[in-house]
Novice: 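Quick one: the structure is below, questions incoming.
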Amino acid sequence: MSMNFVIKSFKVPTRKFAAATILTSGTLAWFFLLNFYISDILTSVTPNEPLNYFNIGQILFYGFAIFSALVGSFIGRKISRRKLLFPWILIGVISTVILPFFHGIFFLTIISSLLGMSLGLGLPSSMAFISDCTEIEERARVSGIIILATFILAFVAMAIIRTLGLELVNVIFLFAIVRSTSLIALAFDKFEYQSLKPTQVRLPNIAYKEFLFYLFPWIMFSVAAGLAWSLIPLKPEFDAVRSLGTNLRYVGIAIFGLISGITADRYGRKPPIIAALIMLGLSFALIGFNMNQTNALIYLVVSGIAWGLLFVVFLAIPGDLSKPGSRETFYGIGYIAPLAILFALSSIPGETMFTYISASSLSQVLSFILFMSIIPILMATETLPKERMQERKMKNHLKKLEEIIEENKEAG
Amino acid sequence: MGDRKTLAFHSYKGGTGKTTLITNIAALYAKNGLNVGLLDFDLYAPSLVSYFRKKPNLFLNDVLSGQAEIFDVVEDIGSELNLKGKFIVGFSSSRKEDIKEIEVRHDSKWQLQAVRRFLKAKQELFKKYNLDYLFLDTSPGIRYWSINTLATADLLFLLMKDSDMDIDGTRKMINDIYDSLSRFGSKYYIILNKVPGALPNSRIEGFSNEKAWIEELERVVGAKVVGSIPCFCDIQFSRHEFLFSINQPNHPFSTKISSIAENLKVLCEQ
């Protein structure tokens with residue numbers, strides 16, 4: 001597929017674009033793969049322990065991911081970006097490689113914390129780098145390409161695992177290779193900060209207010225999507241749907257992430273967000289109304305589309321609202337923490353959750369929450385300036401005009 | 001005369017004196033015996049109709065929407081102004097609803113259809129009135145009917161004042177729009193207007209070497225400057241008079257207009 005129509009008007013230098021894509025997609029692909037196999041991996045660390053130890057490992061992993069993302073966002077500008085990114089990737093690779101070699105509860109505690117730290121610590125900085133090297137009207141498309149690259153990398157790894165029928169030890173080594181691809185990014189760019197005066201970094205209060213308008217629905221989405229993970233019953237008749245639906249969901253995220261980027265750079269950030277919240281809200285309502293295989297499949301596919309739309313737009317928005325120097329904090333609080341909450345909540349077993357509320361009621365509550373989340377988005381100011389949208393519209397119009405003028409010259 | 005050129009006057013911002021300049025140059029040509037057309041395509045903020053104190057029933061807006069022919073809209077005011085040549089003028093509507101319709105209601109498809117109608121009307125105008133030049137006044141900035149108008153012209157003149165905002169905006173428009181328009185075969189130039197301290201006896205620092213200043217500006221914006229008009233308060237704040245080149249030919253402004261008009265003729269012949 002030619003990507004020319006997506007990247008032709010990019011102003012971001014090619015090397016910076018390559019660096020941003022490789023750095024972030026390598027790490028995110030590693031995270032999604034790890035998340036997919038986390039129960040197998042953590043269980044292998046504590047093979048003779050009851051299941052709740054595995055849950056403790058998960059809590060530590062996501063907890064440390066959030067904590068280190070916040071720490072990383074605050075120390076981000078105090079040390080050289082390169083000095084932060086290199087050890088961050090290295091910790092990720094090493095903590096993955098050593099997974100098969102140590103066992104026991106003590107190691108589980110250490111390794112879960114280390115993995116969480118190796119996810120969160122440098123991620124705000126790597127995401128801030130995307131925003132630092134992009135213009136506002138190309139940021140969502142670059143983010144879309146990064147999400148697409150993430151899932152292509154993850155799909156390739158999954159294909160290798162399934163085709164070769166790899167054992168868990170080899171699967172873990174493959175994940176370490178995926179994570180180490182981020183190191184290649186360091187060869188493409190120096191990852192220097194722009195030198196700015198404190199006054200240039202300071203943001204107007206209105207930026208924080210707008211950020212909250214966008215943050216609220218993103219958190220609501222993360223909570224809803226996390227809790228919804230266990231809505232599909234763990235019954236044999238749903239196994240095929242779950243497997244197919246999960247694959248389709250990831251395909252949906254990859255493709256609609258890119259579509260979201262193109263749309264968000266052309267028509268603004270708000271339309272994809274509103275579309276995603278409506279779609280997700282409707283799909284929750286559908287499974288809340290009647291949980292069967294067809295509705296479960298529809299839910300998984302629609303949620304994949306919605307996730308793709310939201311992952312990309314919310315990767316661009318913190319950059320739109322911040323300036324170089326303040327971006328790490330916006331990404332730490334505004335993107336990574338809610339995302340880690342999503343995956344943490346997704347690890348809550350269904351049977352625990354449904355002792356308090358039925359799956360049907362939960363679906364309807366989540367549907368309501370998502371629809372309500374549209375309100376702050378409607379109140380928020382569009383972060384893509386109207387002039388940029390108008391410019392793009394006019395440039396497209398100009399191309400169409402060219403044809404008419406040519407026709408007229410030939411006729412006259 | 002074989003030139004038969006269409007000249008559009010445009011600017012990044014409003015208030016650069018586009019309408020005053022284009023009207024004076026067009027009227028001067030007509031005074032000298034050329035047949036000239038002047039159409040007000042500043043559809044978002046039309047002013048020509050009030051300058052000429054006319055109350056037409058039909059407007060260029062009606063031609064664009066296919067509800068009128070161009071000949072129902074234009075009128076020859078050459079004899080009214082005692083000019084030797086024809087001076088065909090067409091006005092656009094200043095009614096709020098007409099402006100809103102052009103600005104908001106019509107999509108790109110409608111705009112393209114309207115451009116087709118205008119191109120046809122333009123050919124008919126040249127043919128029927130044997131026009132030597134057709135002048136198009138446009139809306140400032142990048143909007144449908146500034147771009148549409150520019151795309152149909154042979155020579156484009158960007159008016160700007162000597163301010164940082166104007167210089168930055170003009171440079172951006174040249175990069176974003178004018179370079180694309182030049183693919184249509186049109187050429188573009190800069191005219192400086194309301195230049196402070198540019199009067200011959202001015203002692204304001206920076207204008208002792210106007211040539212060097214213009215060369216620097218040409219380098220910054222990336223287009224050739226073909227005229228520079230000082231700021232005249234009596235022109236800017238005149239309540240009734242605006243056709244200075246006809247009615248006050250000895251005014252320094254009229255002298256400047258005359259020199260720019262000659263420059264434009266040369267450019268048209270190139």
Side-chain angles (χ1 to χ4, degrees), chain A residues 4-14 133-142 194 197 199-200 262-268 270-271 275 320 323 378 381-412, chain B residues 4 6 8 10 12-13 44 64 102-104 106-127 134 138-154 156 165 168-169 172-186:
Chain A
N4 274 351
F5 75 101
V6 184
I7 62 169
K8 64 183 171 185
S9 58
F10 275 3
K11 290 173 188 159
V12 52
T14 312
C133 60
T134 50
E135 297 281 329
I136 197 163
E137 69 269 26
E138 64 187 6
R139 189 165 295 142
R141 276 174 296 159
V142 170
Q194 291 176 32
K197 294 173 190 165
T199 47
Q200 290 174 295
I262 297 166
T263 312
D265 276 348
R266 181 164 293 203
Y267 303 107
K270 289 162 82 169
D320 296 348
K323 290 181 184 176
L378 294 174
T381 305
E382 174 59 60
T383 62
L384 182 69
K386 268 185 185 170
E387 307 87 70
R388 302 289 176 104
M389 287 191 255
Q390 178 74 359
E391 272 172 32
R392 179 177 284 277
K393 200 163 111 180
M394 287 301 121
K395 280 181 187 173
N396 289 336
H397 180 68
L398 203 58
K399 281 179 199 148
K400 291 175 193 161
L401 269 178
E402 197 173 351
E403 291 168 24
I404 294 178
I405 301 296
E406 284 301 319
E407 276 171 29
N408 190 62
K409 274 182 188 165
E410 282 165 20
Chain B
R4 293 178 169 271
T6 305
H10 184 224
Y12 169 66
K13 275 176 70 213
Y44 307 108
L64 299 179
I102 286 284
E103 173 76 4
V104 183
H106 293 315
D107 59 5
S108 178
K109 197 177 165 190
W110 184 91
Q111 303 290 347
L112 294 171
Q113 184 59 35
V115 171
R116 283 198 172 90
R117 289 191 183 114
F118 171 58
L119 285 167
K120 182 173 164 277
K122 204 177 92 164
Q123 280 180 343
E124 288 168 353
L125 268 183
F126 270 109
K127 201 172 170 187
L134 177 64
T138 70
S139 302
I142 303 171
R143 302 165 93 166
Y144 274 126
W145 273 96
S146 48
I147 291 181
N148 291 348
T149 314
L150 294 170
T152 61
D154 304 301
L156 320 174
M165 196 187 279
D168 285 347
K172 193 172 163 9
M173 278 203 317
I174 286 174
N175 286 334
D176 290 353
I177 302 295
Y178 278 73
D179 285 343
S180 303
L181 286 167
S182 61
R183 287 205 308 267
F184 299 11
S186 53

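Within every chain, numbering begins at 1; the chains are lettered A, B, ... in the order of the sequence lines, protein sequences first and strands thereafter. The structure presented is a predicted model; accordingly, all values stated were derived computationally and were not measured.
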Novice: What's the separation between atom CE in A/Met394 and atom OG in B/Ser146, rounded to the nearest 0.5 Å?
Specialist: 7.5 Å
Novice: Quick one: list whatever passes ring-ring contact (aromatic ring centres under 6.0 Å, His included) with B/Tyr178, sequence neighbours left out.
Specialist: B/His10, B/Tyr188
Novice: Return the option, out of B/Leu119, B/Ile142, B/Val115, with the maximum number of heavy-atom pairs under 4.5 Å with chain A.
Specialist: B/Leu119
Novice: Checking A/Lys395 against chain B: side chain, backbone, both or neither under 4.5 Å from a heavy atom?
Specialist: side chain
Novice: Does any backbone or side-chain atom of B/Lys172 lie under 4.5 Å from a heavy atom of chain A? Answer side chain, backbone, both or neither.
Specialist: side chain
Novice: With a 4.5 angstrom heavy-atom cut-off, could you sort out which part of B/Ile177 is near chain A: side chain, backbone, both or neither?
Specialist: both
Novice: If you measure from CG on A/Leu401 to CG on B/Asn148, what distance do you get to the nearest 0.5 Å?
Specialist: 5.0 Å
Novice: Over all heavy atoms of both residues, which pair between A/Ile405 and B/Ala151 is shortest? Give the atoms and the distance, please.
Specialist: CD1-O, 3.3 Å
Novice: Between A/Glu391 and chain B, with a heavy-atom cut-off of 4.5 Å, which part of the residue counts as in contact: side chain, backbone, both or neither?
Specialist: side chain
Novice: What's the spacing between A/Ile404 CD1 and B/Gln111 CD if we round to 0.5 Å?
Specialist: 10.5 Å
Novice: Would you give the length of the straight line joining atom NE2 of A/His397 to atom CZ of B/Arg143, rounded to the nearest 0.5 angstrom?
Specialist: 13.5 Å
Novice: Around atom CZ of B/Phe126, are there more than 12 heavy atoms from other residues, nucleotides or ligands closer than 6.0 Å?
Specialist: yes
Novice: Pick one of side chain, backbone, both or neither for A/Glu402, based on which atoms fall under 4.5 Å of a heavy atom in chain B.
Specialist: both
